[in-house]
Q: 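Here it is, the structure in full.
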Number of protein chains: 2
Amino acid sequence: MTVVGRRERKKLATRAALRDAALRLALRHGVEHVTVEQIAAETDIAVRTFFNYFSSKEEAMVAAVAAEADALIAAFRDRPREEPVLRALREAVARVIAVSDTDALRLIVRAPSLLPQRLAVYATREKALAEAIADRLGLSPDDLYPAVCAATALTAMRVVLERWLDRPADHAALREQTEEVIGLLAAGLERGLP
Amino acid sequence: MTVVGRRERKKLATRAALRDAALRLALRHGVEHVTVEQIAAETDIAVRTFFNYFSSKEEAMVAAVAAEADALIAAFRDRPREEPVLRALREAVARVIAVSDTDALRLIVRAPSLLPQRLAVYATREKALAEAIADRLGLSPDDLYPAVCAATALTAMRVVLERWLDRPADHAALREQTEEVIGLLAAGLERGLP
DNA sequence: CTCGAAAATTGCACGTCATGCATCGATGCA
DNA sequence: TGCATCGATGCATGACGTGCAATTTTCGAG
């Protein structure tokens, strides 16, 4: 399946190098002050080539988030088919956040200038998740339910993640809050009133 | 309340003029091909002044969406306190979409280059809606429930709106789909399986 | 191994974007 | 009327993003 030659591997490596350089520079100088020129120099690559990989500085920085979202969807697809959608989602989230780079995430999530691009990443992943949900349920990807389910679940997890990153807490707390929110969605917002 | 002098009124008018000019030009030439210079010229003001009102071309174009979101929150706050949150939200949505400019909305929603900024607008309004919900329920705006409720409800309505704009349908259909989705959230995603 | 096609890298030019700064002008108030 | 504040504008500047063409690298067939 998808045998990758050296060419593809090098491209992947360059892409990762650019992404890491962007995050490293952002951590050192602040997201706002990083320029494409710096990222390219740090990776020892022409500025023009940078734009062959990413269409903007912001896209490079949120690439880590995009990768996590992809991992989430893959983990979701790996869950047993008989598992209910929201439970499968909950388990997938637990596995992905267990191995995530919290510092990088916090950097990205806290940067106001990255908010639009980050949300755009989530939005594009919404469609992929909706398809995965439709597959699992044997529905059409055009149905309303998979779309709403994917969108609201991703949103709920985004809210939890943002709140968690704002307060110093451990991974157990994150998992706990995730389960609480997923439970809320499953049982209905009307019922979950505190 | 909030008496506005001529100064403020002129600023508001200029802002609206810029927004309208941006949309008009986008409708005529396509979103991608509109420049700040054109918008400024159309409104007969200096380019530099444009940036006193909007920090980017995209922000000007999604201003209409921002206004609708604000209207939604205002309408929500106007609903009677004894009404359940999701029902109040549903009624507020119905009232706002009844008077919305569908052509402008479709233009904005369909433009890929506006997606990030549009989502950012929703995200900022999330907080305001969460506060309104917290007020209504007598909870703290820092509680998890208002945040999740606001975020997921806005997201669900965004999904419905996007789907509706993609297919030619009338306002009754939009209202119907809105109610269906709100019902789904209220009853729980687990229950609503078709 | 060699060669030619395909693909990736790079430099260059160009238009646009966005902001800081200084200045000018208009507005509103005492 | 005179002054103080706020908005509008021009200018300069650095960064962004893309099309294009040249150059180098990679890959596979012979």
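Each chain gets a letter, A, B and so on, in the order the sequences are listed, and its residues count up from 1.
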Q: Looking at residues 44-53 of chain A, who's got a heavy atom less than 4.0 Å off DNA chain D?
A: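 Going residue by residue through residues 44-53 of chain A, the ones with a heavy atom under 4.0 Å of DNA chain D turn out to be A:Arg48, A:Phe51.
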Q: Quick one: which of A:Arg167, A:Arg118, A:Arg106 gives a salt bridge (charged side-chain N to carboxylate O under 4.0 Å, His left out) with A:Glu162?
A: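 Testing A:Glu162 for a salt bridge (charged side-chain N to carboxylate O under 4.0 Å, His left out) against A:Arg167, A:Arg118, A:Arg106 leaves exactly one candidate, A:Arg118.
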Q: Atom CZ of B:Arg15 and atom C1' of D:dG7: how far apart are they, to the nearest Å?
A: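 These atoms are roughly 15 Å apart.
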Q: So that I can tick it off, tell me whether B:Glu68 and B:Arg125 are bridged by a salt bridge, with the cut-off set at under 4.0 angstrom between side-chain N and carboxylate O.
A: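 Looking at B:Glu68 together with B:Arg125, the answer is no, because their closest N to O distance does not fall below 4.0 Å.
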Q: Which one, D:dG7, C:dC17, C:dT19, comes nearest to the side chain of B:Ser55?
A: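 In terms of side-chain proximity for B:Ser55, the closest of D:dG7, C:dC17, C:dT19 is C:dT19.
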Q: Using the side-chain hydrogen bond (donor to acceptor under 3.5 Å, both in side chains) rule, pick out the option among B:Arg79, B:Arg81, B:Arg87 that qualifies with B:Glu83.
A: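 For B:Glu83, the side-chain hydrogen bond (donor to acceptor under 3.5 Å, both in side chains) check succeeds only for B:Arg79.
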Q: May I have the distance from A:Glu37 (atom CD) to C:dG11 (atom P), rounded to whole angstrom?
A: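 So the two atoms are 12 Å apart, to the nearest Å.
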Q: Without decimals, in angstroms, what is the distance between B:Gln117 CD and C:dC17 P?
A: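 Rounded to whole Å, this separation is 13 Å.
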Q: From NE2 of A:His33 over to C1' of C:dG20, roughly how many Å is that when rounded to an integer?
A: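 In whole Å, C:dG20 C1' lies 14 Å from A:His33 NE2.
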Q: When you check the side-chain N and O atoms of A:Glu32 and A:Ser113, is any donor under 3.5 Å from an acceptor?
A: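 A donor-acceptor contact under 3.5 Å links the two side chains.
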Q: Send over the distance from B:Lys11 NZ to C:dG28 C1', rounded to a whole Å.
A: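 So the NZ-C1' distance, B:Lys11 to C:dG28, works out to 15 Å.
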Q: Determine whether A:Thr155 and B:Thr155 satisfy the following criterion, side chain to side chain donor-acceptor pair (under 3.5 Å), listing intermediate values before the conclusion.
A: CA-CA 7 Å; A:Thr155 297; B:Thr155 296; 2.9 Å; yes
Q: Which listed nucleotide (C:dC17, D:dC27, D:dC16) is nearest to the side chain of B:Lys57?
A: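 Among C:dC17, D:dC27, D:dC16, the one nearest the side chain of B:Lys57 is C:dC17.
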Q: Grab the CD1-P distance between A:Ile39 and D:dG17 for me, whole Å please.
A: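 Distance, rounded to whole Å: 10 Å.
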Q: Round to a whole Å and report the spacing from CZ of B:Phe54 to P of D:dG7.
A: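 Distance check: B:Phe54 CZ to D:dG7 P gives 15 Å.
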Q: How many Å lie between CD on B:Glu59 and P on C:dA18, as a whole number?
A: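 Checked: the CD to P distance equals 10 Å.
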Q: Report yes or no: is the cationic atom of B:Arg95 (NZ for Lys, CZ for Arg) under 6.0 Å from the centre of the six-membered ring of B:Phe76, at an angle within 45° of the ring normal?
A: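 No, cation not above the ring by the 6.0 Å, 45° rule.
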Q: Taking all heavy atoms of A:Arg19 and all of A:Ala64, pick out the closest pair and write down the distance.
A: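 In this case the closest contact between A:Arg19 and A:Ala64 is CD-N, 3.7 Å.
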Q: So, is B:Lys10 near the phosphate of D:dG7, with a side-chain N or O under 4.0 Å from OP1 or OP2?
A: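 False: B:Lys10 side-chain N/O out of range (4.0 Å or more) of D:dG7 OP1/OP2.
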